[in-house]
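See structure below.
A, B, ... follow the sequence lines: proteins, then strands. Residue 1 opens every chain.
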Amino acid sequence: MISPYMIFAAILLLTSGAYVIGRKRAFAVAGDRAGLMQMHSRPTYYGLLTAMWCGIPALVIFSAWSVFESGIITQLVIAGMPDSIRDLPPDRLNLIVNDIKNLVSGNIVSAEMNQTLRAAADHYRQLQAISSAALTVVVLALIMIATTMIMRAISPSLRARNQVETIIKWILIACSTIAIFTTIGILLSVLFEAIRFFEKISLTEFLFGLKWSPQMAIREDQVGSSGAFGAIPVFAGTLMISAIAMVVAVPIGLMSAIYLSEYANRRFRAIAKPLMEILAGIPTVVYGFFAALTVAPMIRDTGLGLGLDVSSESALAAGLVMGIMIIPFVSSLSDDVINAVPQAMRDGAYGLGATQSETVKQVVLPAALPGIVGGVLLAVSRAIGETMIVVMAAGLAANLTANPLKTVTTVTVQIVTLLVGDQEFDSPKTLAAFALGLVLFIATLILNVIALHVVRKYREQYE
Amino acid sequence: MTVDVKTTAGVSGIGQTGRILYDRESRETVGEPFVEGARMTCRGVNVYYGDKHAIKNVALDIGRNEVVAMIGPSGCGKSTFLRCLNRMNDTIDTCRVEGEITLDGMDIYGKEVDVVPLRAQVGMVFQKPNPFPKSIYDNVAYGPRIHGLAQNKVELDEIVETSLRKAGLWEEVKDLMTHPGTGLSGGQQQRLCIARTIAVSPEVILMDEPCSALDPIATSIIEDLIDELKQQFSIAIVTHSMQQASRVSQRTAYFHLGDLIEVGDTAQIFTTPRHQLTQDYITGRFG
């Protein structure tokens, strides 16, 4: 049997071969140096064009085949099975199909082996073999037809370079749309689950409710059966922890960036900058237990010493550590944009007798502002989306409080706790995670739009 | 005439006899570098960038109400020398300046001297117009604001208007005061930078190839402006254009590989240069 990998390798091999013969053909058509000058494009482009004609249709057919092959074969196998099995409800049928596939690939089968199953598996194997053979024939035929056609077309008037460049442009467009479609896909997957949630819990209750207690009763008489899905405390917690993190990260990050780019000598900078960037490389789990085991007890002990009531999983601890984690984002990005401000701006200010501090405050920072705001925003998104530190250090209790010494919880923590383990996906308890995710997504999006607007309005353009 | 074989610079030029000269400590300056009642005096100025000896033992005066042009091939040190006059070289880490430079008799490299007021007294206009990314008004008002030259808004308005008038830009921008300075044309931007410099009432204005990024019409406007400005200020201008040097300056200094080769009245330099190198340069044999 021919495996798909072999077909794929063959396509790649033939494509490189096509490049070589396409290029050779161009030389042959040209004849000599003078003929080469008469060709519209350089021989390399004829080679590339041949390779593209050879490779692209074959790859398209190959991937389409791989995507649909399994589904079609399964349908055919089911069609070939006895009526007693075909009439089973879809979920039972699904189980049997899974068993057949397991049998084919040699895995353990859940049900008892019987003649029907074995026959179906053989049928499956047979169809797979036919499919592979057919695919091989189709692909090879396609390659041969396409290559022959393009080889015949190679002539001095064939605009190979333009065609190659057009194809490359479309490949680039395809790559850039992948990111967009992924975003849309993520959004939709969250959206559909969230809609299912909002069918059970009203939107206003979710958005404006002040109590968060995502539990659903399995039996009527169960204790704690009343679920409350008011997301305000959760978002308030996120907001507070992010705010604490930004209060730590923005001043420290910005000022260290100013020092590194404007005041520090080259040697100090060469040492300090990589060291700061190490902070960004520490896994967030490590920050998490640093927060939970070192910072939080320290804050609690200090608080107790001052006679304050500090819970052992305070918003302050999580926020502080998160702020430290974000410092390198702010400082590194700000440092880059400050360095990008042309030296001519500084010279202009110095030439008027401005001090270094005046130059930095009144000329360099305003010019670098859009980039700095961009860096800060990136940091905000990091803070809002950060999960590990808060899971470990911030706690689960959804308190609606403005006191940073109390335990709060965040959106990401709740999503994690709601989705960890085996969950029933028809309960509002689980679906609430998607609603939280959706609102978080929208909130971040709005934040970005606002920030873009602000940056565009207040930017001082220096070019 | 000692030949210093240890210097790294190697061949430094063609001598009067056509013989290849090696880098020496410095060359004698031909002509008269000194003037009566000079605004700025430079004596024995040496500048090093790390190991590179960029300015070699230069002595030159800048008189009152005159335009001194500094010409010479690229890399000859004329811009470096200009930047010594308001200590702009301080911003370059590896740069070291030796010698004595005075402004009105005060050593500007003295220990007690603060560069901030110095740079207000010796203003600078740069090669590429570099208006701040602020409004036209704020660009001109920047200097007076940081130096506290205006008591109130009315005085500040007055300074801005006078400076823009002196720079010949007022009529063009009086209705655009809140527009960004970076939105002007290249020539207008350069005049805005000149206005910005004038606004702090300096005594000396240094210009580092102020027209090299401008078209001929903008250049001629700025040259006329320089001619007017010398009524009030002393001006030192670095230029690559010998026509410009001969049009705007009273005295010309020719630099060559860090040496001040010849100084003299502009007319004399361009008609009867006394040094072979000067003659080679102005007749276009190199540079």
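Within 6.0 Å of CE in A:Met255 there are 12 or fewer heavy atoms belonging to other residues, nucleotides or ligands. The number of heavy atoms from other shown groups lying within 6.0 Å of CZ (A:Arg42) does not exceed 12.
Under the ring-ring contact (aromatic ring centres under 6.0 Å, His included) criterion, B:Phe81 pairs with B:Phe255, sequence neighbours left out. A:Phe268 meets the ring-ring contact (aromatic ring centres under 6.0 Å, His included) test with A:Tyr259; sequence neighbours excluded.
The one candidate from B:Ile146, B:Asp114, B:Val116 that meets the side chain to side chain contact (heavy atoms under 4.5 Å, CB included) condition with A:Thr355 is B:Val116.
A:Arg346 places none of its side-chain heavy atoms less than 4.5 Å from the side chain of B:Thr91.
Side-chain N or O atoms of B:His147 include none that pairs as donor or acceptor with a backbone N or O of A:Ala354 at under 3.5 Å. No donor-acceptor distance shorter than 3.5 angstrom exists from the side chain of B:Asn130 to the backbone of A:Met345, with no hydrogens or angles considered. Side-chain atoms of B:Lys134 come within 3.5 Å of backbone N or O of A:Gln362 as a donor-acceptor pair.
The residue among B:Met88, B:Arg87, B:Arg83, B:Gln121 with the most heavy atom pairs within less than 4.5 Å of chain A is B:Met88.
Rounding to the nearest 0.5 Å places CZ of B:Arg119 at 8.0 Å from OH of A:Tyr350.
Residue B:Val122 touches chain A through its backbone alone, counting heavy-atom pairs closer than 4.5 Å.
Closest non-hydrogen pair, B:Tyr142 versus A:Leu352, comes out as CD2-CD1, 3.9 Å.
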